[in-house]
Amino acid sequence: MMKPARAWATLVVLMPLMPLMALAQDVPTAPPTPTPLSAADTAAALSRAERLGKAIFLQDRATERATDAIRAKYRAFGKDTRVRGWITEEHDGQYRVSYIDATPAVLYRIEMAADGTPAGEVQVLSEPAPLSAYETAAATARSLAMTAQVAPCAKTYNSVALPEVDGRWAVYLLPATTLPNVVPLGGSHRLDIADGRITASRGFTRTCIQLGRTPSKRGVTVVGMMVTHLLDPTPTEVHVYWSLWARTPMYVATTNGQLWEIREGRIHKRDDVAQAPESGS
């Protein structure tokens, strides 16, 4: 497993006469400049980023909280070597989290509300149950995504599988961390799955950049994280996800000289402050 590379960003703070800016990062070569978007395409890209970023976050939170709920009630769950993964399915405004074995078959289930709280009791199945059609497709997509050769930035990864149209799936691989003040943006990937194979993939950064959400000790007020982004003309769903995950606004500077603010899952253009970044993620 590759050791995470170091890259830097900065917290945005409120201080007199201090502009919103990111620390320049040392990167090997300049990436191609993203193709400018029309106003309509920009609006569509922002809407897509918000929709997918929120979907990734809600599913990821439901899974995390479900695991906590099961561990709290059944101590044996943490030692159950049969558990190999999970499938999370959105339905009727809730999330059904199913923990599966290598078959794959379901061992445990729990319903989670959209706010991340349990919506029912933990189901411990006396006999492993077959997967539903949705669960089978999600498990297959996740298994395929895990075979992808991507540049890792963490020892372990979380995954989120989202269904798309015509039986296609998007699987997001997200670096895991146990450090409460570290936001591991770098190393996030998307794999597109269709017809039993990986049809496309992308990384959202070129370095293993990590953002911080620890307030400064100098008495200033932290208002958000900031990063430069060189791969797209607008923020992506991964920026939205990590902002929601960190419960902290994120400012994204793109190569067109535009600064974007992500707050509570919504992306806003900051016309009052804009600067062209020299390098970044």
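In this chain, residues are counted from 1 in sequence order.
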message: So which atom in Pro235 and which in Ile267 form the shortest heavy-atom distance, rounded to 0.1 Å?
response: CG-CG2, 4.0 Å

Tyr157 side-chain N/O to Gly187 backbone N/O, donor-acceptor pair under 3.5 Å: yes

- prompt: For the residue pair Tyr172 and Trp242, is the inter-centroid distance of their aromatic rings smaller than 6.0 Å?
  reply: no

- request: Carefully, step by step, assess Asp115 and Thr117 under the rule side-chain hydrogen bond (donor to acceptor under 3.5 Å, both in side chains).
  value: CA-CA 6 Å; Asp115 64 359; Thr117 58; 2.6 Å; yes

Stepwise side chain to side chain contact (heavy atoms under 4.5 Å, CB included) test for Thr236 and Arg48: CA-CA 8 Å; Thr236 69; Arg48 178 180 182 275; over 6 Å; no

message: As an exercise, state the distance from CZ of Arg197 to CG of Leu191, rounded to the nearest 0.5 Å.
response: 13.0 Å

- prompt: Between atom OG1 of Thr228 and atom CG of Leu231, what is the distance when rounded to the nearest 0.5 Å?
  reply: 10.0 Å

message: Check this for me: does any side-chain nitrogen of one of Arg190 and Glu164 sit under 4.0 Å from a carboxylate oxygen of the other?
response: yes

message: For Asp68 and Lys73: C-alpha separation, side-chain torsions, deciding distance, then whether salt bridge (Lys or Arg N to Asp or Glu O under 4.0 Å) applies.
response: CA-CA 9 Å; Asp68 291 342; Lys73 192 164 186 178; over 6 Å; no

query: Between Asp80 and Arg75, does at least one N-O distance fall below 4.0 Å, as a salt bridge requires?
result: no

field: Minimum-distance pair of heavy atoms, taken over all atoms of Ala154 and Ala176
entry: CB-O, 3.9 Å

- request: Flag the pair Glu261 and Arg263 as a salt bridge only when some basic side-chain nitrogen lies within less than 4.0 angstrom of an acidic carboxylate oxygen.
  value: yes

- request: Please identify each residue that fulfils side chain to side chain donor-acceptor pair (under 3.5 Å) with Asp195, with sequence neighbours left out.
  value: none

message: Does any part of the side chain of Trp260, heavy atoms only, come nearer than 4.5 Å to the side chain of Thr234, both counted from C-beta?
response: yes

query: Atom NE2 of His239 and atom CG of Leu185: how far apart are they, to the nearest 0.5 Å?
result: 5.0 Å

field: Backbone N/O of Trp86 and side chain of Arg142: donor-acceptor pair under 3.5 Å
entry: yes

- prompt: Any chance the side chains of Asp101 and Thr103 put a donor and an acceptor closer than 3.5 Å?
  reply: yes

message: To check you understand the geometry: which heavy-atom pair defines the closest contact between Val183 and Ala246, and what is its length?
response: CG2-CB, 3.8 Å

task: Please lay out, stage by stage, how Leu211 and Val227 fare under the test side chain to side chain contact (heavy atoms under 4.5 Å, CB included).
output: CA-CA 8 Å; Leu211 309 184; Val227 64; 4.3 Å; yes

query: Can you name the closest pair of heavy atoms from Ala145 and Leu173 and give their distance?
result: O-CD1, 4.1 Å

message: Could you check whether any side-chain N or O of Thr199 sits under 3.5 Å from a backbone N or O of Asp192, counting only pairs where one atom can act as donor and the other as acceptor?
response: yes

- line: Correct closest heavy-atom pair for Gly203 and His189 would be CA-ND1, 3.5 Å

- prompt: Is any side-chain heavy atom of Thr81 closer than 4.5 Å to a side-chain heavy atom of Val83?
  reply: no

message: Any heavy-atom pair between the side chains of Ile110 and Gln123 that's under 4.5 Å?
response: no

message: I'd like to know if the side chain of Asp92 and the backbone of Gln94 have a donor-acceptor N/O pair within less than 3.5 Å.
response: no

- prompt: What residues form a ring-ring contact (aromatic ring centres under 6.0 Å, His included) with Phe77, not counting sequence neighbours?
  reply: Tyr99, Tyr108

field: Residue pair Tyr134, Glu89: steps toward the side-chain hydrogen bond (donor to acceptor under 3.5 Å, both in side chains) verdict
entry: CA-CA 8 Å; Tyr134 178 98; Glu89 177 182 2; 5.8 Å; no

- prompt: Which heavy atom in Gly224 sits nearest to a heavy atom in Tyr251, and how many Å separate them?
  reply: CA-CE1, 4.2 Å

message: I'd like to know if the side chain of Thr147 reaches the main chain of Leu144, judged simply by a donor and an acceptor atom lying under 3.5 Å from each other, with no hydrogens or angles considered.
response: yes

query: CZ of Arg266: more than 12 outside heavy atoms within 6.0 angstrom?
result: no

- request: Measure the shortest side-chain to side-chain distance between Leu58 and Glu90 over non-hydrogen atoms and say whether it is less than 4.5 angstrom.
  value: no

message: So does Gln59 get a backbone contact from the side chain of Thr63, meaning a donor-acceptor N/O pair under 3.5 Å?
response: yes

message: Going by side-chain contact (heavy atoms from CB on, under 4.5 Å), Ile262 matches just one of Leu244, Val252, Thr248. Which one?
response: Val252

- request: Report yes or no: does Asp166 contribute a side-chain atom to a donor-acceptor pair with the main-chain N or O of Arg168 at less than 3.5 Å?
  value: no

message: Determine whether a donor-acceptor pair (N or O, by modelled atom type, separation under 3.5 Å) exists between the side chain of Thr42 and the backbone of Ser38.
response: yes

- prompt: Is any side-chain heavy atom of Ser188 less than 4.5 Å from a side-chain heavy atom of Pro175?
  reply: yes

Residue from Pro104, Pro130, Ser98 passing side-chain contact (heavy atoms from CB on, under 4.5 Å) with Glu135: Ser98

message: Check whether Glu64 reaches the backbone of Arg61 with its side chain - one donor and one acceptor, N or O, closer than 3.5 Å.
response: no

field: Gap between atom CD of Gln258 and atom CZ of Arg270 - 0.5 Å precision
entry: 10.0 Å

- prompt: What's the spacing between Ser126 OG and Leu107 CG if we round to 0.5 Å?
  reply: 11.0 Å

